[in-house]
Amino acid sequence: MLKFVFSRRKPANKEIIINAETLERRVALLENGQLEEFHIERTNEQRLVGSIFKGSIKNLEPGLKAAFVDIGFEKNAFLHYWDIIPESADANFEAVETKGRKRRSDRKPRPTMNDIPHLYPPGTEVIVQVTKGPISTKGPRITTNISLPGRYLVLYPYGDQSGISRKIEDAKERTRLREILRNMTIPDGMGVIVRTVGAGQSKRYFVRDLALLLEEWEKISERIKAAPIPSCVYQEPGLIYRTVRDFLTEDVDRIVIDHSEEYERICALVGQISTRARSRVKLYNEPSPIFERFGIDRQIENAFRRQVWLKCGGYIVVDETEALVAIDVNTGRNKSGRDLEKTILQTNLEAAEEVARQLRLRNIGGIIVIDFIDMKNRRDQHEVTNRLREYIKRDKAKTHILPISPLGLTEMTRQRQEESIRDAVFEDCPYCKGRGVTKSSESMSVEIQRRVTEILRKRADRAGELSVRVIVHPEVLERLRKHDQEILLALEQRLSGKLSFRADPAIHREEFKVIDPATGNELN
């Protein structure tokens, strides 16, 4: 294998860096050396989003307008009625009529939600695809509108609508693609969507892509016939394959990977797409780790902190909660000028760019509330909102952004298909139980005094001096000695008791024990 020598030249404009290890695959997309997208996948975890299952409906919930489907997991999958109805309208593409199709008036009437309980009673066999993986206590979300993504096209085997992605905005290019699509031979009962990456490609690439997708669907169809219920009949390819399929565009200068076998697989895959593109795939075999060599580890560490600094000196604070994600914008050290309004606008504009980047990097989904610094000028508010929308366009997840509210908040939603990077990489701290804080030493002192008072009062009818020993964390003991000694002496005198304290490093900061010195038993 030839060794690829990486010179210390100016970073490539756009490059994909892949770190393939035994337990984990990591992919970073760099633009001029800056981390723009980051994906991680554990090799021992089943890939759910995009996978196709043969399952059966277990029960219907008319109140929720949903069915629960057994696809082989502990929790049944959630299937909304509108995800059962075939050919559901999709605002993300422009429909195009292809040749040889029946006119819409000649087609069978589409079923409505009221028809679902009769068409899909419990026990009905269904072929479904996972659109959202299990998150927290919720099971996977599924649909019967199966889609099979290729390089330039997405095949819909059970839907006969075809169209073009609305993210392709150039009018002349849309007209050209519309003509190509109209003259393609697509099997009856199926549909295709031209992906954004298809812009500028010639017809032969679409024809070849369609042939590969139909071949793949034929294999899936055979598995559907033979497979028992429930079972997986198609699993979405791994992270490396998806990266090459979805991100290898003409503007990508190179793909660098540090695993020789995966390098060969990528070369074979890229060869199917474009023979010229194979020269852009490089094998990395230098001694230093690939993410360290390209400065990615440092960028990941900085990007995933709660507080993220902006170039202007301001910063944003990102807090993920169960219900929503809150992002706060602050001017911080940004004192760039005497004009306060310009300083605020500059900070908010940079924050809008960074927020769009952070949402992609962290794979944050659901409801997102951004608290920009208050702006009195409506024109400035529109400029910030437009900047956020401009930078969010490159996001593959579906998003919806509302104008800044009278309270100065921007509300938006981002499609959530799987857990965020934070949930995938981190787990709740076993010490603070995920709260992120522990009780202060002063609070613990108050609790200890309260508990000791209760115990001494209960034992006040006993003869002789009452003694108790309190075992605490060393930091709490330090507080008791330095600040609360007089209070504890007064407590002894008032209740006719004797207190002694001992530190135990093994005890939790928020715990303490009250012991009877004579017996060694814990007092309640």
Side-chain angles (χ1 to χ4, degrees), residues 50 82-83 85-110 129 131 143-218 220 242 244-252 270 272-277 386 389-401 415:
W82 66 50
D83 287 322
I85 300 172
E87 294 184 6
S88 297
D90 191 337
N92 293 306
F93 69 86
E94 171 200 354
V96 175
E97 288 290 336
T98 55
K99 66 178 182 180
R101 296 286 172 152
K102 294 180 180 179
R103 292 175 302 186
R104 187 158 295 279
S105 57
D106 297 333
R107 300 175 189 170
K108 295 180 181 179
R110 185 185 302 172
Q129 187 170 38
T131 57
T143 179
T144 60
N145 295 315
I146 309 297
S147 63
L148 204 61
R151 173 63 177 158
Y152 304 111
L153 301 173
V154 178
L155 176 67
Y156 287 83
Y158 294 146
D160 61 355
Q161 276 192 341
S162 296
I164 301 168
S165 169
R166 292 194 185 276
K167 288 187 177 181
I168 302 175
E169 298 177 347
D170 185 81
K172 290 184 178 179
E173 179 59 17
R174 294 183 66 82
T175 301
R176 187 186 73 88
L177 292 173
R178 206 177 290 124
E179 190 62 26
I180 290 175
L181 202 54
R182 284 198 184 104
N183 291 288
M184 286 184 65
T185 303
I186 302 168
D188 198 29
M190 294 188 181
V192 296
I193 303 299
V194 177
R195 303 182 66 180
T196 311
V197 74
Q201 302 298 327
S202 61
K203 181 179 179 180
R204 61 190 178 93
Y205 288 111
F206 296 112
V207 172
R208 183 173 61 182
D209 206 28
L210 177 59
L212 291 172
L213 287 169
L214 292 174
E215 184 181 338
E216 183 65 39
W217 178 248
E218 184 64 30
I220 297 171
R242 299 198 308 271
V244 175
R245 181 190 69 193
D246 298 339
F247 289 98
L248 182 57
T249 52
E250 291 298 325
D251 59 341
V252 172
V270 172
Q272 292 180 350
I273 300 170
S274 169
T275 306
R276 289 183 303 167
N386 291 336
R389 285 178 174 151
E390 176 188 348
Y391 277 81
I392 216 79
K393 280 182 180 180
R394 62 178 300 165
D395 200 330
K396 294 184 180 296
K398 297 177 184 177
T399 57
H400 180 63
I401 302 172
Q415 180 187 23

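Looking at Q129, its side chain never comes within 3.5 Å of a backbone N or O of T143 through a donor-acceptor pair.
Heavy atoms only, all atoms of each residue included: L148 and E216 are closest at CD2-CG, 3.9 Å. Of all heavy-atom pairs spanning T196 and K167, the tightest one is OG1-CB, 3.6 Å.
Scored by the side-chain contact (heavy atoms from CB on, under 4.5 Å) test, I193 finds F93, V154, Y156 as partners (sequence neighbours excluded). For R176, the side-chain contact (heavy atoms from CB on, under 4.5 Å) partners are E173, I180, not counting sequence neighbours. With sequence neighbours excluded, no residue forms a side-chain hydrogen bond (donor to acceptor under 3.5 Å, both in side chains) with E169.
Residue F206 is tested with V192, L181, L153 for a side-chain contact (heavy atoms from CB on, under 4.5 Å); the sole match is L153.
Note that OH of Y152 is 8.5 Å distant from OG of S202, once rounded to the nearest 0.5 Å. Note that OG of S162 is 13.5 Å distant from CZ of R178, once rounded to the nearest 0.5 Å. Rounding to the nearest 0.5 angstrom, the gap separating the CD1 atom in I220 from the CD atom in E218 is 10.0 Å. Atom CD of residue Q415 and atom NZ of residue K396 lie 12.0 Å apart, to the nearest 0.5 angstrom.
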Show your working on side-chain contact (heavy atoms from CB on, under 4.5 Å) between D209 and R195 and close with a plain yes or no.
-> CA-CA 11 Å; D209 206 28; R195 303 182 66 180; over 6 Å; no

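Side chains of N386 and E390: no donor on one and acceptor on the other come within 3.5 Å.
Side-chain contact check for N145 versus Y158: every heavy-atom pair is 4.5 Å or farther apart.
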